[in-house]
Amino acid sequence: MESAENYTPESRRPQAPVVQSAPSNCDLQSREALSHTASPRNIKSSLKKSSVINFWNGNRKQEYMYVKLAVQFTQRVLLLLLGYLVCYFNFSLTLPIVGICSVLYYQHSRPDKGERIQRKMRATSLSNTEILEIVKDLPSWVHFPDREKAQWLNEIISQLWPNVNNYIVKYCRTKVQTNIRKKFDSFRFEDIDFGNRPPRIDGVKVYNKAVAKDSIIIDFEIFYDGDCDINFSMSGAQIGRIKDFQMGVNVRTVLKPLLFKMPIIGGIQLFFLNIPDIHFDLEGITGIPGFSYLVRQKVEEIINRKLVFPNKLTKRFTKSIEATELRSIEAEGVLRVHVFEARDLEKKDITGKSDPYVILKVGAQEFKTPVIKRDLNPQWDYYCEFIILDPMAQQLFFKLFDQNDIYEDDFMGSGAVEIYEAIKPGKTDRWFSLEHAKHGKLHLRFSWLALSFDKEAMNAASEETKLLKNDNIHAGLLTIYIDSAVNLPKVKSYRRPDPFVILTVGNNQVKTRTKKHTCNPSWKQGLYLLIKNPENDSLIATIVDKHSNNTLDKLVCNIRDLLNAPSMQLSIKEFQLQLTEATLTISLQLRILHNAQFEFEDSDSDSGDEDGSRIRKRSSTKMPKEVAEVGNEEMVVADSMSSPRLSKAGIKETEEKFRRAEMEATETPPTFRKSNFVQRPEQCGRIELSLEYSELTQKFSVIVHRASSLPLKIPTDIPDPYVKLKLEGPGISPVKYRTKVVIDSCDPVYEEKFEYLLSVLELSSYRLIITVKNKKMFNSSIIGQKIMDLSYIKNCASQARDWFDLHEEEVSD
């Protein structure tokens, strides 16, 4: 009888036997349960038996984890106790024990990356039938029909692994050890063994040639669960040991450009689309709590700096190809993220509050929000923008922390979202429940910004940045390729510099790699910078010596010159530097950011199109709702690697709508309307207000103009009125503001403006309570009150200015 593996959905033909690593007991028992017999009764009995075994193994594994945790805790207590006995005897043991408990809790509260990678490794070696019955973490080639299992490639890697293993060992003993010895002279690798288990490729995807006509793009989802064992020492004494290194990563390989002569392919680019999952065990001195965390952080930092996009490895196969063509990658667009607010966060401080902040990452790009002090329902109103290479493959990761001034910041939860899911129509404004936390959720808003080289699109982008009134909003993307410099000055007469370049536009800054001991460095590196105002901003390139930190030379380039250049770019241009006779050769490309909407359509069949893609996208221009109505603007859509271009008629119409919206926002002319509220006889007076809600900025503004006909309860006692505003909504504490006090007036004038940060999704569930009070020396009495449902504001197309009747007190103040 043929095995169940021969009848997978991918192929009905028998496959050649596969050499695999020894499976675990759980895998052997599961395979036996599935292949024992083909009858339904026996299959059901075998699966039931397998489930019992898996449950028993899971309990044993949980008990082993507790024992291991107890052993680690005891080891660390004894280690610190030994140091305590050597120190001053009057020092208390409380601080070390509390420190150990805090670090252990912090480390074990993190998601177990190693366990997740092991499950994925086991899943890649099973057939479709076995995976659907046993494994919960399915590999990508089961989820996505456009990904292939590529078992033949794993066979090749398995046979090549001994040779690759020897090369890695030699590389570590030479280059890696030499670099470490520059800081630690006595460092030495004592023993290096990467084991017998090679990396495995979970899925392979080759992109359709329509994505990029001059390149081949391949994605490899790779998992490594190695039985490695690395020992290292300093001054002849062993200080640490690395065991069981595990990693899961999505590697993108770009073969470009395609040539009509040998070697057919001009070069190769390798980089990680997202931050890899890395896990390894540390022993010895490096396993001490706190120190082990620093080691892990340093390893992840090095990998992100070298391999995670926008960083990459490149190799040119022929000198006829320009390095700028190979090392520069044109981005697909920019993802704008609005970190709006969080709700119901955990209490981490002794006071019952927290000081939360959010860290957001896409690849190697990272942003951090400000810290909100003593608040479990913080509102950040923070914008950040990420340069996106491929929205279909990249992810946004976010983590929340509680800031501590003395100890390490407390972890409060995390989450992740696929970029293409975040920019789908109708899903750009979402709440995310925090993972690895008891409770809490985070509110994020997303905008997709496409790239255009049409000069007329710049005015619309500049107007939008003015309307948002935020320092983190940008209007353009500048791609810089740093080629080389010639005739840089020496730091001293006998020493050549170690130069690198710092590129600055406004507050944004990036820097190149450092070249050692040369006056004619060749960097060959592509970089990105977001710019706020292309007409006024300048690019400042400062060449600095790393050893002395002295400025060797600098260049100032006006970005406005790119607006008049063909396709807004300059290729391999040599610039004369300002301080010396040196020259710097660079290439520049400017792209204008504009709002775009992605539409995703799932194919009816599982197989998808001929290229295996189940999702296709279309980009069309979309302006904010309160500024422009979507659907009537013209758009010319190019292929996915080129930038869409706005038509001239659409640009002029958009500029005019932005100009009108800005005039309304700045001048705020009074627009008198009939009130939607039922007018009653004036008993407590009236108040004049202007109310406006901006869906673009998610802000509700109230302007208190004046009050009129306030009653005199005692003819000789003229009131000293002021206005108190209180915003109430579900799940938050009331937000209160108050105006100034006007002395002795029944018709006070205030002209004060107040703003609230409110989501459009929850606007209808809030109410505004306006209370006019009489300020006295010992107490304040209520003159009148108005309760307003904010669904009224949601239906207003522009700012509404109106008189409202005040009534007797309905809600306690």
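Values in this document were obtained by computation on a predicted structure and should not be read as measured data.
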Answer whether the closest heavy-atom distance between the side chains of [X] and [Y] falls below 4.5 Å.
{"X": "Gln394", "Y": "Phe309", "value": "yes"}
{"X": "Gln525", "Y": "Arg513", "value": "yes"}
{"X": "Ile230", "Y": "Asp191", "value": "no"}
{"X": "Pro391", "Y": "Ile388", "value": "yes"}
{"X": "Glu332", "Y": "Trp448", "value": "yes"}
{"X": "Phe194", "Y": "Pro198", "value": "no"}
{"X": "Val254", "Y": "Ile216", "value": "no"}
{"X": "Ile217", "Y": "Thr253", "value": "no"}

Steps toward side-chain contact (heavy atoms from CB on, under 4.5 Å) verdict (Phe446, Val417): CA-CA 11 Å; Phe446 306 97; Val417 59; 4.3 Å; yes
[Y] backbone acceptor or donor facing [X] side chain under 3.5 Å:
{"X": "Asn274", "Y": "Asn250", "result": "no"}
{"X": "Asn311", "Y": "Leu307", "result": "no"}
{"X": "Trp161", "Y": "Pro199", "result": "no"}
{"X": "Thr178", "Y": "Thr174", "result": "yes"}

State which residues pass ring-ring contact (aromatic ring centres under 6.0 Å, His included) with [X]; sequence neighbours excluded, sorted by chain then number.
{"X": "Phe398", "answer": "Phe432"}
{"X": "Phe187", "answer": "Phe189, Phe232"}
{"X": "Phe386", "answer": "Phe367"}
{"X": "Phe220", "answer": "none"}

With sequence neighbours excluded, tell me which residues meet salt bridge (charged side-chain N to carboxylate O under 4.0 Å, His left out) with [X].
{"X": "Glu366", "answer": "Lys361"}
{"X": "Lys427", "answer": "Glu421"}
{"X": "Asp229", "answer": "Arg241"}

Nearest heavy atoms of Val308 and Ala364, plus distance in Å: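 Taking every non-hydrogen atom into account, CG1-N, 3.2 Å.
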Could you tell me which residues satisfy side chain to side chain donor-acceptor pair (under 3.5 Å) with [X], sequence neighbours excluded, listed by chain and number?
{"X": "Gln395", "value": "Glu418"}
{"X": "Glu435", "value": "none"}
{"X": "Asp219", "value": "Tyr207, Arg252"}
{"X": "Glu190", "value": "Ser233"}

side-chain contact (heavy atoms from CB on, under 4.5 Å) partners for Asn163, two or more places apart: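 So Asn163 forms no side-chain contact (heavy atoms from CB on, under 4.5 Å) with any residue.
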Whether Phe401 and Phe411 hold their rings parallel, tilted or perpendicular, with breakpoints at 30° and 60°: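 Ring orientation, 0 to 90° scale: perpendicular.
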Flag for Gln246-Asp225: side-chain donor and acceptor within less than 3.5 Å: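 Gln246 and Asp225 do have a side-chain donor-acceptor pair below 3.5 Å.
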